[in-house]
Amino acid sequence: MTAPGSTGPHVSSPDSRPLVGVLALQGDVREHLAALEVSGARAVTVRRAAELDAVVGLAIPGGESTTMSHLLTVLDLFEPLAARLAAGLPAYGSCAGMIMLASTILDTRPDAKHLDALDITVRRNAFGRQVESFETDLDIAGITDGPDAAPMRAVFIRAPWVESVSPHVQVLARVPDGPAQGRIVAVRQGAVLATSFHPEVTGDRRVHAYFVDMVREVSGGNRGVGNIDT
């Protein structure tokens, strides 16, 4: 029975947050899930094709890129993911995720596969082997260039850097000083974003918030599937 003064039974409004997946093969999966949730997404793990089909955006964490490409193949996810990316799926890759999204990879194994979603050349383990892992403050276009915005503290752990980009790729950040001064460490091409560093480990959620905004722009009213069979 409807209570006096009520307009009818209460119906909860649908969740307006976009459903964003985190590729759960290696790396800081939990940290990316938490960062995406704080940034306004519904975040879920992705290990199967059905889970990939459900999401409207995907984060690819760090890890070991050759192992990730092997696991994607074993799980029959490589071709579906490559197809979704080619069709415009928004994606964000950090560290090894950047390598996986690149079109050309230097210093990798001949049998390693990549997703060819960013028209960039990446040098694998560039910081880890050549300049050592380190931290620095970065200015990132579209993220730290607002009024009173502070630089972002970036953590590089056996990270790649971008050797070159095509004219279609926007360079968002370069290392400001030190042995790696001028090296490209953040890029965007259309709906695909990548960083050499790990924003999920610092507590600064601005990169993830930027990505969630990208997902909203691309997906529009499509929020993704609300329920995924487990």
Side-chain angles (χ1 to χ4, degrees), residues 11-25 27-62 68 72 75-98 100-103 114-120 140-146 168-173 186-195 199-200 204-230:
V11 178
S12 60
S13 60
D15 195 330
S16 62
R17 297 175 298 161
L19 187 66
V20 179
V22 177
L23 188 63
L25 304 179
D28 296 330
V29 174
R30 287 184 301 176
E31 289 82 357
H32 277 286
L33 289 169
L36 288 166
E37 287 279 348
V38 170
S39 301
R42 292 178 292 153
V44 295
T45 57
V46 170
R47 296 188 187 89
R48 298 182 298 172
E51 294 165 342
L52 176 63
D53 289 343
V55 301
V56 293
L58 183 72
I60 305 177
M68 291 172 68
L72 282 171
L75 295 171
D76 293 325
L77 268 177
F78 190 92
E79 296 302 330
L81 177 52
R84 287 288 315 270
L85 290 167
L89 176 72
Y92 164 53
S94 63
C95 198
M98 169 187 271
M100 289 300 300
L101 291 168
S103 58
H114 49 89
L115 295 162
D116 200 20
L118 282 169
D119 195 4
I120 61 176
I140 307 175
I143 296 176
T144 67
D145 49 6
H168 306 292
V169 176
Q170 179 185 7
V171 174
L172 302 182
V187 294
R188 177 180 177 178
Q189 182 176 359
V192 182
L193 172 71
T195 64
E200 75 278 4
D204 190 330
R205 303 310 187 204
R206 286 179 287 175
V207 168
H208 290 85
Y210 180 86
F211 176 57
V212 172
D213 284 344
M214 287 172 52
V215 173
R216 288 195 182 101
E217 291 170 7
V218 173
S219 63
N222 182 9
R223 299 185 297 272
V225 178
N227 296 304
I228 301 175
D229 293 335
T230 58

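This is a predicted model, so every value here is computed, not measured.
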Trainee: On a heavy-atom basis, which atom in Gly57 and which in Val215 lie closest, and how many Å separate them?
Mentor: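 Looking at all heavy atoms of both residues, the shortest contact is CA-CG2, 4.2 Å.
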Trainee: Charged N to carboxylate O below 4.0 Å: is that the case for Arg205 and Glu200?
Mentor: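 Between Glu200 and Arg205 there is no salt bridge, as every charged N stays at least 4.0 Å from the carboxylate O atoms.
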Trainee: Measure across Ile120 and Ser103 and return the closest heavy-atom pair with its distance rounded to 0.1 Å.
Mentor: O-OG, 3.0 Å
Trainee: Ignoring hydrogens, what is the shortest heavy-atom contact between Leu19 and Ala54? Give both atom names and the distance.
Mentor: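 Distance-wise, the nearest heavy atoms are CD2-O, 3.5 Å.
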Trainee: Please answer whether the main-chain N or O of Val218 pairs with a side-chain N or O of Arg216 as donor and acceptor at a distance below 3.5 Å.
Mentor: no
Trainee: Evaluate side-chain contact (heavy atoms from CB on, under 4.5 Å) for Val55 paired with Val44, printing each intermediate quantity in order.
Mentor: CA-CA 8 Å; Val55 301; Val44 295; 3.8 Å; yes
Trainee: Taking all non-hydrogen atoms of both residues into account, name the closest pair between Cys95 and Gly62 and its distance.
Mentor: CB-CA, 4.2 Å
Trainee: Indicate yes or no: at least one non-hydrogen side-chain atom of Leu52 is less than 4.5 angstrom from one of Leu23.
Mentor: no
Trainee: Given side chains that start at C-beta, do those of Arg206 and Pro199 come closer than 4.5 Å, heavy atoms only?
Mentor: no
Trainee: Side-chain contact test, heavy atoms from C-beta onward, threshold under 4.5 Å: evaluate it for Val56 versus Arg223 and give yes or no.
Mentor: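 Side chain of Val56 against side chain of Arg223, heavy atoms only: no contact under 4.5 Å found.
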Trainee: Given 3.5 Å as the limit, does a donor-acceptor pair link the side chain of Asp145 with the main chain of Gly142, or not?
Mentor: yes
Trainee: Side chains of Val212 and Pro18, heavy atoms from C-beta outward: is any pair under 4.5 Å?
Mentor: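 With C-beta onward as the side chain, the pair touches.
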Trainee: Are side-chain N/O atoms of Tyr210 and Ser39 paired as donor and acceptor at under 3.5 Å?
Mentor: no
Trainee: His208 and Val38: side-chain contact (heavy atoms from CB on, under 4.5 Å), yes or no, with the steps?
Mentor: CA-CA 9 Å; His208 290 85; Val38 170; over 6 Å; no
Trainee: Could you measure the distance from the NE2 atom of His32 to the OG1 atom of Thr45? Nearest 0.5 Å is fine.
Mentor: 13.5 Å
Trainee: Looking only at atom types and distance, does a side-chain atom of Arg48 sit under 3.5 Å from a main-chain N or O of Asp76, one as donor and one as acceptor?
Mentor: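 No.
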Trainee: Give a yes or no answer on whether the side chain of Glu37 reaches the backbone of Ala34 with a donor-acceptor pair at less than 3.5 Å.
Mentor: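 Judged by distance alone, no pair lies under 3.5 Å.
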Trainee: After noting the C-alpha distance and the side-chain angles of Leu89 and Leu58, does the key distance pass the side-chain contact (heavy atoms from CB on, under 4.5 Å) rule?
Mentor: CA-CA 8 Å; Leu89 176 72; Leu58 183 72; 4.1 Å; yes
Trainee: Measure across Val22 and Pro61 and return the closest heavy-atom pair with its distance rounded to 0.1 Å.
Mentor: CG1-CG, 3.7 Å
Trainee: About how many Å separate CG of Leu85 and CG of Asp116, when rounded to the nearest 0.5 Å?
Mentor: 10.0 Å
Trainee: Taking the side chain as everything from C-beta on, heavy atoms only, tell me whether Leu172 gets closer than 4.5 Å to Leu193.
Mentor: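 They are in contact (side-chain heavy atoms under 4.5 Å apart), so the answer is yes.
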Trainee: Is there a donor-acceptor contact under 3.5 Å from the side chain of His114 to the main chain of Met100?
Mentor: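 Checked: no pair found.
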Trainee: Any side-chain heavy atom of Met68 sitting closer than 4.5 Å to one from Ile60?
Mentor: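 Result yes, sub-4.5 Å side-chain heavy-atom pair found.
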Trainee: In Å and rounded to the nearest 0.5 Å, what is the CG to CG distance from Leu81 to Leu75?
Mentor: 11.5 Å
Trainee: Please round to the nearest 0.5 Å and tell me the distance separating atom CG of Asp119 and atom CG of Leu101.
Mentor: 12.5 Å
Trainee: Test your reading of the model: is there a side-chain donor-acceptor pair from Arg42 to the backbone of Arg17, 3.5 Å cut-off?
Mentor: yes
Trainee: Hey, can you tell me if Phe211 and Tyr92 have their rings parallel, tilted or perpendicular (30° and 60° cut-offs)?
Mentor: tilted
